[in-house]
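Below you'll find the structure, written out as structure tokens, and then a few comments.
Order of the sequence lines fixes the chain letters, A, B, ..., with proteins taken first and strands second; residue numbering starts at 1 for each chain.
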Amino acid sequence: MEEDLIKERKKKLEELKAMGVEPFGRRFSPTHSAADIIEKYGEKQFAENEESAEDVSVAGRIMLVRGHGKAAFAHLQDRSGKIQIYIRLDIIGEDGFKIYEKVDLGDFIGVVGSIFRTRTGELTIKVKKLCFLTKAMRPLPEKWHGLKDVETRFRQRYLDFISNPEVRKIFSLRAKVIKYIREFLDGKGYSEVETPMLHQIAGGAAAKPFKTFHNALGMDLYLRIAPELYLKRLIVAGMEKVYEINRSFRNEGISTRHNPEFTMLEVYTAYADYNDVMDLTEGLIKDAAEKTLGRKKIIFGENELNLESPWKRTPYYEILKEFTQKDFIKMNEEESRRYAKELNVNVDECKNKDEIVNQIFEKIVQPKLIQPAFVIDYPVSTSPLAKSKPDNPDLVERFELFIGGEEIANAYSELNDPIEQRKRFEEQGGTIDEDFVRALEHGMPPTGGLGIGVDRLVMVFANVLSIREVILFPQLKPEK
RNA sequence: GCGCUGCUAGCUCAAUGGUAGAGCAGUUCCCUCUUAAGGAAAAGGUUGCAGGUUCAAGUCCUGCGCAGCGCACCA
């Protein structure tokens, strides 16, 4: 039983103490990582019995041990990978070997020794000194099959990292993508800002917010559902080019593409419109793929995605027509509801024609938008913060970007007319953010705005089909 | 919220309604170039939880919990 396994380890811990070895040790200075050693000596030819002149020191977790009586091979894992170590009684001595005998899989040790190549060709550290660093009281998952149970992988993500190397790669990729986004935008003169996450009015999107309470102020606050309205205040302020990359929170269902907290990039560019923002988005994602993955063709699920420019740009009603053979522009609510039924799309919850058509778009069109595609010019009713088309007040200058059937970005020419903005808020029926309207009344220059779901972008880059695979600690119910 | 599937040893997996098994890990012993090292032995279980049907339940039924997937929700 598990308790017996812990008891065994506790016993060894006490035996180490009795030997004068601290089971939860102190500092150790590795000269190399496992990967450093492979990089430095990987190409080197060693003669029989030859070893490196220098000694290296490496620290890590013991992943695997192959004992041979008075000698042993083991694999030590650090952040960079694994390196084999070779322990011999006649080299580290009686005392050192006794310490080795108390080492379990999962323990942290530091070793000092020279590099050599085994007869089978593996680069190995011949251990001259072994420092015990930390006892692991619980066993590791299985050495060959690793940890597969999805629930344990997410609840105890550290175990997932320890036994599944590809998981580490996904989060390393995520870090690179976010780093590159900053590099790209900083390089174009954008300023990164941090706006409030605690909002008095949760605006900028139509999602349900999380509610909390500030004791000293004695008032309700909401976790933000989008940073949009604050970023636009900064455009009023004259910042001209700003972005924020951080968490937003939406109190809605959890699925393979929704986590209650998620990372969004929002970018605002004064004097630009949605066409400029499309160029910016295309450049950013294409370059990010090239910089982080080294290629512009990527595999996502069953498809190969080609991120090479130019990306398709198609008006909303046009692409609907392309996939359904129906012209929804002139249709009324009754007709569109009938067509929805024909197409087997459930529109029972939809209150008007635009919502029905949007359902049809999401169910019929969106899953087929595999290659990068900008869908442009949406109905005004579903886009209260976007500027209308100059030649058609029913449509707005807005685009959504789809890659691999996933909605990756949402953007528009920002509505900067405070009178029109107030009217749109009133039509929506919710709380009006008077402070935001007042900001617009002071004058916001024409502005192009963009939101990118960073988690979803990383999903596409990493070729994983669940958002939980790109979020370190996805939200789960309590275990008990 | 609804539906489907899953939950068996620390991990990975077996088990036509008929004594719950294996591999790895762990324990003891042998072994100074192994690669999931090898050899020998012993040990390890409230089958997610609670009920029910049955002579007999891991297996069938009901409820509950958690998870995955789908649907709904999410402009």
Any idea which of B/C13, B/C11, B/G70 is nearest the A/Pro141 side chain?
B/C11
Tell me whether the OP1 or OP2 atom of B/G68 has a side-chain N or O from A/Ser466 closer than 4.0 Å.
no
Pairwise P distance for B/G52 and B/A37, with rounding to whole Å
48 Å
Side chains of A/Ile408 and A/Ile452, heavy atoms from C-beta outward: is any pair under 4.5 Å?
yes
Taking only N and O in the side chain of A/Lys477, is any of them less than 4.0 Å away from OP1 or OP2 of B/C66?
yes
At under 4.0 Å between heavy atoms, what does A/Pro478 touch on the DNA or RNA strands: base, sugar-phosphate, or nothing?
sugar-phosphate
Suppose we call a contact any N or O donor and acceptor under 3.5 Å apart; does that hold for the side chain of A/Glu8 and the base of B/U27?
no
Name the nucleic acid region contacted by A/Leu147, choosing base, sugar-phosphate or nothing; use a 4.0 angstrom heavy-atom cut-off, strictly under.
sugar-phosphate
With sugar-phosphate meaning primed atoms plus P, OP1 and OP2, does A/Asp149 contact a base, only sugar-phosphate, or nothing at under 4.0 Å between heavy atoms?
sugar-phosphate
Name the nucleic acid region contacted by A/Ser163, choosing base, sugar-phosphate or nothing; use a 4.0 angstrom heavy-atom cut-off, strictly under.
nothing
Quick one: do the A/Glu266 and A/Tyr268 side chains pair a donor with an acceptor below 3.5 Å?
yes
By the 4.0 Å heavy-atom rule, please label A/Ala205 as base, sugar-phosphate, or nothing.
base
Picking from A/Arg61, A/Lys135, A/Lys12, what satisfies side chain to side chain donor-acceptor pair (under 3.5 Å) with A/Asp107?
A/Lys135
What's the closest nucleotide to the side chain of A/Thr256 if the choices are B/G70, B/G10, B/A25?
B/G70
How would you label the contact of A/Ala206 with the nucleic acid (heavy atoms, under 4.0 Å): base, sugar-phosphate, or nothing?
base
Against the six-membered ring of A/Tyr222, is A/Lys211 placed for a cation-pi contact (under 6.0 Å from the centre, within 45° of the normal)?
no
Given the structure, check if the side chain of A/Glu122 and the base of B/U34 hold any donor-acceptor pair shorter than 3.5 Å.
no
Restricting both atoms to N or O, compile the protein contacts to nucleotides 37-41 of chain B shorter than 3.5 Å, with distance only.
residue, atom, partner, partner atom, Å
B/A37, OP1, A/Lys143, NZ, 2.6
B/A37, OP2, A/Arg66, NH1, 2.5
B/A37, N7, A/Gly67, O, 3.1
B/A37, N6, A/Gly67, O, 2.7

Classify the nucleic acid contact of A/Phe154 as base, sugar-phosphate or nothing, counting any heavy atom under 4.0 Å across all strands shown.
sugar-phosphate
Does a nitrogen or oxygen in the side chain of A/Lys12 sit under 4.0 Å from OP1 or OP2 of B/G26?
no
Regarding A/Arg468, tell me which of base, sugar-phosphate or nothing describes its non-hydrogen contacts under 4.0 Å with the strands shown.
sugar-phosphate
Is the distance from OP1 or OP2 of B/C74 to the nearest side-chain N or O of A/Arg257 less than 4.0 Å?
no
At 4.0 Å (heavy atoms only), tell me whether A/Arg250 reaches a base, stays on the sugar-phosphate, or touches nothing.
nothing
Determine the Euclidean distance between corresponding P atoms of B/C66 and B/C73; express it in Å to zero decimal places.
23 Å
Under the side chain to side chain donor-acceptor pair (under 3.5 Å) test against A/Glu414, which residue among A/Lys232, A/Gln421, A/Lys387 passes?
A/Lys232
Is A/Lys363 near enough to B/A72 that one of its side-chain N or O atoms lies under 4.0 angstrom from OP1 or OP2?
yes
What interatomic distance, in whole Å, is found between P of B/G48 and the corresponding atom of B/C2?
23 Å
Looking only at side-chain N and O atoms, does A/Asn410 offer a donor or acceptor that is under 3.5 Å from a partner on A/Arg398?
yes
Side chain of A/His145 (C-beta onward), nearest among B/U32, B/U12, B/U28
B/U12
hbond_proxy A/His258 side chain to B/C74 base (donor-acceptor, 3.5 Å cutoff)
yes
So A/Phe116, base contact, sugar-phosphate only, or nothing? Heavy-atom distance under 4.0 Å.
base
Is A/Leu476 touching bases, backbone alone, or none of the nucleic acid, heavy atoms closer than 4.0 Å?
sugar-phosphate
Among B/C69, B/C33, B/C24, which nucleotide sits nearest the side chain of A/Tyr86?
B/C33
It should be established whether A/Arg138 places a side-chain nitrogen or oxygen under 4.0 Å from OP1 or OP2 of nucleotide B/G26.
no
Quote, to the nearest angstrom, the P distance that separates B/U5 from B/C60.
11 Å
Using a 4.0 Å heavy-atom cut-off, does A/Asn358 contact any base of the nucleic acid, only the sugar-phosphate backbone, or nothing at all?
sugar-phosphate
Looking at every strand, decide which applies to A/Lys70 at a 4.0 Å heavy-atom threshold: base, sugar-phosphate, or nothing.
base
Using the P atoms only, state how far B/A57 lies from B/G17, rounded to an integer number of Å.
14 Å
Sugar-phosphate only, base, or nothing, as touched by A/Arg398 at under 4.0 Å among non-hydrogen atoms:
sugar-phosphate
Which comes earlier along RNA chain B counting from the 5' end, the contact point of A/Glu362 or that of A/Thr118, where each point is its nearest nucleotide?
A/Thr118
